[in-house]
Amino acid sequence: MALNIILLGPPGAGKGTQAAHLVATHAMVQLSTGDMLRAAVKAGTPVGLQAKAVMEAGELVSDEIVSALIDDNLAAMPDSAGAIFDGYPRTAAQAHALDAILTARGRKLAFVIELDVDEDALVDRITGRFTCATCGEGYHDRHKMPAVADSCDKCGGHEFKRRPDDNAETVRTRMAEYRAKTAPILPIYEERGLVRRVDGMADMADVSAAIEAILQSA
Ligand code: AP5
Ligand code: MG
């Protein structure tokens with residue numbers, strides 16, 4: 001049966017990094033509401049127009065918008081593929097909406113994997129982050145520069161981009177939103193015995209190995 005998991009953790013915890021690894025190694029699909037919203041902003045859709053300023057301020061977009069995005073994207077997935085929820089749910093209302101969405105689609109949540117991290121280190125991670133504008137490969141000013149300057153290791157592209165919300169001030173708001181609205185949803189899943197904690201400060205490969213061990217325990 002397809003495994004459906006939530007990756008939970010504050011901004012910069014490594015949700016996107018680990019989701020990309022799972023997509024590459026398993027028949028799983030990454031459902032990142034942040035990526036969906038950024039695509040909507042870029043395309044100038046009505047959702048994008050509503051979300052742009054909220055995201056740039058580091059605040060949360062409405063529960064209705066993000067739950068509708070998740071429902072639409074899940075509907076487009078083959079039943080055989082597991083879903084990785086990356087950055088969703090982020091509020092109690094979204095957690096309840098996800099329950100209803102999964103039930104309607106005959107899916108079950110296998111695990112909620114919490115990436116346990118040190119918030120101070122996350123500001124460094126986030127403010128140094130950039131990606132290839134062509135293929136989306138991730139880089140970091142201090143930890144992971146392209147092997148050849150100004151050339152993407154993966155696709156050879158020469159253009160790179162940074163997220164407008166990746167500045168120190170907005171990161172603090174994003175962290176505060178996480179503490180106030182997202183961390184409090186953990187008990188919902190703890191009561192169901194679904195939460196597994198992983199040390200998100202370990203090397204990326206070690207984090208991936210810890211997540212793999214959890215998936216194997218299903
Ligand atoms: P979203 O895109 O979800 O951003 P976020 O939660 O702030 O998280 P990030 O994407 O910044 O971090 P990440 O955990 O994916 O880390 P990454 O792997 O990139 O949301 C953006 C905005 O959209 C929100 O602020 C909100 O406005 C809106 N939004 C989205 N979803 C919403 C929802 N459900 N409800 C309402 N609003 C919503 O890693 C970060 C960096 O660290 C990278 O450079 C990476 O290379 C590096 N790194 C990763 N792992 C390691 C490691 N183990 N060691 C060293 N470096 C590492
Ligand atoms: Mg991300």
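Order of listing sets the numbers, starting from 1, for every ligand and every atom in it.
Only the side chain of L37 comes within contact range of ligand 1, with a heavy atom under 4.0 Å; no backbone atom does. Counting heavy atoms closer than 4.0 Å to ligand 1, residue H140 contributes side-chain atoms (C-beta onward) but none from N, CA, C or O. With a 4.0 Å heavy-atom cut-off, ligand 1 is reached by the backbone of M204 and by its side chain too. When heavy-atom distances to ligand 1 are checked against a 4.0 Å cut-off, S32 has no atom that comes that close, whether in backbone or side chain.
In this structure a side-chain-to-backbone donor-acceptor pair under 3.5 Å is present from D118 to D120. In this structure a side-chain-to-backbone donor-acceptor pair under 3.5 Å is present from Q18 to M204. One N or O on the side chain of H140 and one on the backbone of D124 form a donor-acceptor pair closer than 3.5 Å.
The distance criterion of under 3.5 Å between nitrogen or oxygen atoms is not met by P89 with respect to ligand 1. For the pair D165 and ligand 1, the shortest N or O to N or O distance does not fall below 3.5 Å. Between G87 and ligand 1, at least one N/O pair is under 3.5 Å apart. Remark: ligand 1 and M201 share no N or O pair separated by less than 3.5 Å (distance only, no angle test). Checked against a 3.5 angstrom limit, the closest N/O atoms of I126 and ligand 1 fall outside it. The N/O atoms of D35, backbone and side chain alike, include none that comes under 3.5 Å of an N/O atom in ligand 1. For ligand 1, the polar-atom distance check against A13 finds a nitrogen or oxygen pair separated by under 3.5 Å. For ligand 1, the polar-atom distance check against L60 finds no nitrogen or oxygen pair separated by under 3.5 Å.
The protein non-hydrogen atom at the shortest distance from atom 7 (O) of ligand 1 is R174 NH2, 2.8 Å. For atom 31 (N) of ligand 1, the closest non-hydrogen atom of the protein is T33 OG1, 2.7 Å. Of the protein's non-hydrogen atoms, the one nearest atom 53 (N) of ligand 1 is A202 O, 2.8 Å. The shortest contact between atom 49 (C) of ligand 1 and any protein heavy atom is with T17 OG1, 3.4 Å. Remark: minimum distance from atom 16 (O) of ligand 1 to any protein heavy atom is reached at G14 N, 3.2 Å. The nearest heavy-atom contact from the protein to atom 52 (C) of ligand 1 is R125 NH2, 3.3 Å. Nearest non-hydrogen protein atom to atom 22 (C) of ligand 1 is M55 CE, 3.9 Å. Of all protein heavy atoms, the one closest to atom 9 (P) of ligand 1 is R129 NH1, 3.4 Å.
K181 and D63 are not joined by a salt bridge, as no carboxylate oxygen comes within less than 4.0 angstrom of a charged side-chain nitrogen. Using a cutoff of 4.0 Å between basic side-chain nitrogens and carboxylate oxygens, E119 and R172 are not scored as salt-bridged. Under the 4.0 Å criterion applied to side-chain N and carboxylate O atoms, D79 and R105 are not assigned as salt-bridge partners.
The minimum heavy-atom distance linking G9 with K15 is given by the pair O-NZ, 3.0 Å. When all heavy atoms are compared, the tightest approach of G82 to M77 is O-CE, 3.8 Å. Nearest heavy atoms, R125 versus G14: NH1-N, 4.1 Å. Closest approach of M201 and A121 over heavy atoms only: CE-CB, 3.5 Å. The minimum heavy-atom distance between P78 and R107, with the atom names listed, is O-NH2, 3.2 Å. Nearest heavy-atom pair, R174 versus D165, reported as atom, atom and distance to 0.1 Å: NH1-O, 2.6 Å.
Listed by number with element, the atoms of ligand 1 under 4.0 Å from a non-hydrogen atom of G16 are 13 (P), 15 (O), 18 (O). The Q94 neighbourhood of ligand 1 comprises atoms 33 (C), 34 (N), 35 (N), 36 (C), with distances under 4.0 Å to a heavy atom of that residue. Distances below 4.0 Å separate heavy atoms of G200 from the following atoms of ligand 1: 53 (N).
With atom 24 (C) of ligand 1 as the reference point, the heavy atom nearest to it among R90, H21, K15, Q18 is part of R90. The option with the heavy atom closest to atom 2 (O) of ligand 1, from among H143, E59, R38, is R38.
At least one heavy atom of R163 sits less than 4.0 Å from an atom of ligand 1. Every heavy atom of A51 sits 4.0 Å or more from the atoms of ligand 1. Taking a 4.0 Å cut-off on heavy atoms, G12 registers as neighbouring ligand 1.
Classification of the Y139-F130 ring pair by plane angle, with boundaries at 30° and 60°, yields parallel.
Between R163 and I126, every side-chain heavy-atom pair lies at or beyond the 4.5 Å cut-off.
A distance of 11.0 Å separates CD1 of I6 from CG of D86, quoted to the nearest 0.5 Å.
The side chain to side chain contact (heavy atoms under 4.5 Å, CB included) with F85 is formed by just one residue from the set I5, T33, V112, L74; it is L74.
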